Amino acid sequence: RLAVVAGGVIVALALPVFLVAGWPFAGWALGAGLWLASRLLDAVFSWVGIGEPTLRGSGIVAFGMMARGILLALAAIVVAVYDPDVAVAGVLVYAAAFTFELALSLTLYFQGKMKQ
């Protein structure tokens, strides 16, 4: 849970950067929305997979991980068709939050401090 909170902090810290730099607010909103959608989809697919602790349950979680990436990429592509600047800004916010979250998760995991 610490990694998810840290990702949220990165998204929140990106807002003042966007406002001061004069970058499109819609780009920050897109990135925040993508990150939030990613977290929600992860929670839903994990919840469904936990409900069935079998090989089928793990398959649901794996499908969810794949589908999450595809859905987020499609959303970014649709926005890029209409406004490339907003799409690039949004993807950068999402990428920063996701990368920080992943790095922290891996660090905690290899230190043996990950708990469900």
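Only this structure's heavy atoms are used, side chains among them; waters, hydrogens and symmetry mates stay out. Positions are given from 1, in the same order as the sequence printed here. Note that the coordinates shown come from a computational prediction; the quantities given were computed from them, not determined experimentally.
Hydrophobic cluster membership differs between L36 and V5, with clusters built from Ile, Leu, Val, Met, Phe, Trp and Tyr side chains linked at under 4.5 angstrom. Cluster annotation: L19 and L30 are assigned to the same hydrophobic cluster (Ile/Leu/Val/Met/Phe/Trp/Tyr, side-chain heavy-atom contacts under 4.5 Å, transitive). Residues V93 and W23 share a hydrophobic cluster, clusters being chains of Ile/Leu/Val/Met/Phe/Trp/Tyr side chains in contact below 4.5 Å. By the criterion of side-chain heavy atoms lying less than 4.5 angstrom apart, applied directly or through intervening Ile, Leu, Val, Met, Phe, Trp or Tyr residues, L41 is grouped together with M66 in one hydrophobic cluster. Tracing side-chain contacts under 4.5 Å through hydrophobic residues (I, L, V, M, F, W, Y), one reaches V17 starting from L15; they form part of the same cluster.
Rounding to the nearest 0.5 angstrom, the gap separating the CD atom in Q111 from the CG atom in L106 is 11.0 Å. Rounding to the nearest 0.5 angstrom, the gap separating the OG1 atom in T107 from the CG atom in L102 is 9.0 Å.
Residues that satisfy the side-chain hydrogen bond (donor to acceptor under 3.5 Å, both in side chains) test with R68, not counting sequence neighbours, are absent from this structure. Annotation: ring pair (Phe, Tyr, Trp, His ring centres under 6.0 Å) contacts of F25 (sequence neighbours excluded): W28.
Between A87 and A76, the shortest heavy-atom distance links the atoms CB-O, 3.9 Å. Residues F100 and A6 share a closest heavy-atom pair of CE2-CB, 3.4 Å. Residues A97 and G7 share a closest heavy-atom pair of CB-O, 3.6 Å.
Among pairs with a residue in residues 65-96, those fulfilling ring-ring contact (aromatic ring centres under 6.0 Å, His included) read Y94-F98, at least two apart in sequence or across chains.
Under a 4.5 Å side-chain heavy-atom cut-off, the cluster of Ile, Leu, Val, Met, Phe, Trp and Tyr residues that includes V91 has no other member. Grouping Ile, Leu, Val, Met, Phe, Trp and Tyr residues whose side-chain heavy atoms lie under 4.5 Å apart, directly or via other members, places L92 in a hydrophobic cluster with V88. The hydrophobic side chain of I77 is isolated, with no ILVMFWY side chain under 4.5 Å apart from it.
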Check against side chain to side chain contact (heavy atoms under 4.5 Å, CB included), W35 and I10: CA-CA 10 Å; W35 182 81; I10 294 298; over 6 Å; no

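Distance alone, capped at 3.5 Å, places no donor-acceptor pair between the S38 side chain and the L34 backbone.
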